[in-house]
Number of protein chains: 2
Amino acid sequence: MGLSKTEIFTDQQNEISVFAKVFGHPARVAILQHLFKIDTCVCGDLVNEIGLAQPTISQHLKELKHLGLIKGTIEGTRVCYCIDHNNWSKMKQLLLEFLNQDVAISTECC
Amino acid sequence: MGLSKTEIFTDQQNEISVFAKVFGHPARVAILQHLFKIDTCVCGDLVNEIGLAQPTISQHLKELKHLGLIKGTIEGTRVCYCIDHNNWSKMKQLLLEFLNQDVAISTECC
DNA sequence: TTGCTTCATTGCAATATTACGATGAATATG
DNA sequence: CATATTCATCGTAATATTGCAATGAAGCAA
């Protein structure tokens with residue numbers, strides 16, 4: 001039905017999947033990488049940087065902002081976006097725990 | 001149009017998003033966590049463990065297998081699944097690089 | 001005020017994802 | 001052989017995602 005049955009999973013599992021899903025599109029990966037690379041706010045030139053139409057970029061930014069990974073500040077007619085370092089760290093902690101599950105593994109079977 | 005424009009992004013960005021997307025569903029997160037927790041092959045009881053119908057589980061397993069994160073071995077009428085540690089490590093390296101972008105950041109702006 | 005720039009929102013079309021019943025393939029058991 | 005078990009695949013319905021043209025809102029400049 002196109003609808004995930006989130007109620008049968010743990011909060012942690014749902015949280016991991018929500019963050020992972022936002023990284024599940026190359027445009028959002030590219031936006032975040034650009035924000036980190038510039039190492040400061042990005043004011044306006046994201047549409048030229050990524051090769052998608054302005055409404056599309058705006059929509060991706062909205063999703064990133066909704067999860068708290070970036071924050072936008074209005075500056076005249078422009079909006080400046082940058083990474084929310086605090087929330088990025090929290091998300092990173094959650095995903096690192098998931099990705100590092102394999103360190104506890106002892107046996108090999110297959 | 002529901003179709004990602006992968007051609008305008010780098011191979012690395014597309015790869016990151018492909019792996020992230022597979023973690024973008026709590027059922028697949030739960031399956032992987034269970035495989036790690038059991039620390040050996042899982043033969044058959046995944047449908048009982050996760051609360052979804054058998055065809056649905058089968059479909060999620062197929063996606064995980066397609067990306068190489070798990071491997072399945074036929075054992076009689078059962079199929080035993082386990083983590084592909086080698087590919088998991090490669091995937092982890094790719095995502096860690098992405099998640100750890102923030103360590104290089106010096107300035108704060110917003 | 002008029003026009004320009006920048007970004008958000010709306011509306012829509014195309015495609016993808018999720019979930020499951022029904023069915024099929026393969027093996028084991030009696 | 002007949003039956004049961006286990007898992008994959010097919011088909012389908014419901015919902016989500018992606019992308020963009022059109023439009024709206026807000027500030028700036030002349």
Side-chain angles (χ1 to χ4, degrees), chain A residues 1-9 13-14 16-31 34-35 41-67 70-82 110, chain B residues 1-9 13-14 16-31 34-35 41-67 70-82 110:
Chain A
M1 312 180 187
L3 175 58
S4 296
K5 285 191 157 182
T6 55
E7 70 276 8
I8 65 172
F9 302 106
Q13 286 163 347
N14 283 315
I16 290 172
S17 70
V18 164
F19 281 117
K21 189 184 276 183
V22 91
F23 298 144
H25 193 289
R28 293 189 290 263
V29 170
I31 288 171
H34 186 66
L35 284 174
C41 292
V42 160
C43 304
D45 55 357
L46 268 174
V47 175
N48 296 325
E49 200 64 34
I50 321 287
L52 293 170
Q54 180 267 323
T56 309
I57 297 290
S58 190
Q59 194 175 331
H60 286 307
L61 287 169
K62 189 180 177 182
E63 291 176 59
L64 290 169
K65 200 159 67 176
H66 181 251
L67 274 189
I70 64 174
K71 42 189 175 182
T73 318
I74 297 172
E75 204 150 310
T77 54
R78 299 182 157 223
V79 178
C80 296
Y81 286 103
C82 66
C110 309
Chain B
M1 311 185 188
L3 176 56
S4 296
K5 286 190 156 183
T6 54
E7 70 275 9
I8 65 172
F9 301 105
Q13 286 163 345
N14 283 316
I16 289 172
S17 70
V18 164
F19 281 117
K21 189 184 277 183
V22 90
F23 299 144
H25 193 290
R28 293 188 289 264
V29 170
I31 288 171
H34 185 67
L35 284 173
C41 291
V42 161
C43 303
D45 56 358
L46 267 174
V47 174
N48 297 325
E49 200 65 34
I50 320 289
L52 293 170
Q54 181 266 324
T56 309
I57 297 290
S58 190
Q59 195 174 329
H60 286 308
L61 287 169
K62 189 180 177 184
E63 290 176 59
L64 289 168
K65 200 159 69 176
H66 182 250
L67 274 190
I70 64 174
K71 42 189 175 183
T73 319
I74 298 172
E75 203 150 309
T77 55
R78 299 179 157 223
V79 178
C80 297
Y81 287 101
C82 66
C110 308

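When reading the values below, keep in mind they use all heavy atoms of this one structure, side chains included, and skip hydrogens, waters and symmetry mates. Order of the sequence lines fixes the chain letters, A, B, ..., with proteins taken first and strands second; residue numbering starts at 1 for each chain.
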Can you confirm whether more than 12 heavy atoms, excluding those of B:Ile8, are under 6.0 Å from its CD1 atom?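 More than 12 within 6.0 Å, yes.
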How many Å lie between [atom1] on [X] and [atom2] on [N], as a whole number?
X	N	atom1	atom2	value
A:Glu49	C:dC7	CD	P	14 Å
A:Leu64	C:dC7	CG	C1'	16 Å
A:Lys21	C:dA16	NZ	C1'	11 Å
A:Leu3	D:dT17	CG	C1'	14 Å
A:Phe23	D:dT17	CZ	P	16 Å
A:Leu61	C:dT6	CG	P	16 Å
B:His25	C:dA16	NE2	P	18 Å
B:Lys71	D:dC7	NZ	C1'	20 Å

Run the side-chain donor-acceptor check on residues 54-64 of chain B: report pairs under 3.5 Å with partners two or more places apart or on a different chain.
| residue | atom | partner | partner atom | Å |
| --- | --- | --- | --- | --- |
| B:His60 | ND1 | B:Arg28 | NH1 | 3.0 |
| B:Glu63 | OE1 | B:Arg28 | NH1 | 3.2 |
| B:Glu63 | OE2 | B:Arg28 | NH1 | 3.4 |

Side chain of B:Tyr81 only, please: which of C:dC20, D:dT5, D:dA8 is the nearest?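 Nearest listed nucleotide: D:dA8.
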Name the closest nucleotide to the A:Gln59 side chain, picking from C:dA19, D:dC20, D:dA8.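 Minimum distance to the A:Gln59 side chain belongs to D:dC20.
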Please give me the minimum heavy-atom distance between [X] and [Y], naming the atom from each residue.
X	Y	result
B:Leu52	B:Val47	O-CG1, 3.6 Å
A:Ala20	B:Gly24	CB-N, 3.9 Å
B:Tyr81	B:Leu35	O-CD2, 3.3 Å
B:Asn14	B:Phe9	ND2-O, 3.6 Å

How do A:Glu63 and A:Thr77 order along DNA chain D: which one's closest nucleotide is nearer the 5' end? A:Glu63
Go nucleotide by nucleotide along DNA chain D from the 5' end; which of A:Ile74 and A:Gly24 gets its closest nucleotide reached first?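 Result of the comparison: A:Gly24.
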Under 4.0 angstrom between [X] side-chain N/O and [N] OP1 or OP2:
X	N	value
B:Lys5	D:dC20	yes
B:Arg28	C:dT18	yes
A:His60	D:dG19	yes

Strictly below 4.0 Å, heavy-atom distances to any atom of DNA chain C: list the hits from residues 50-58 of chain B, or just say none.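 The stretch gives B:Leu52, B:Ala53, B:Pro55, B:Thr56 as the residues lying under 4.0 Å from the strand, ordered by number.
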Under the salt bridge (charged side-chain N to carboxylate O under 4.0 Å, His left out) test, residues paired with B:Glu49 that sit two or more places apart: none
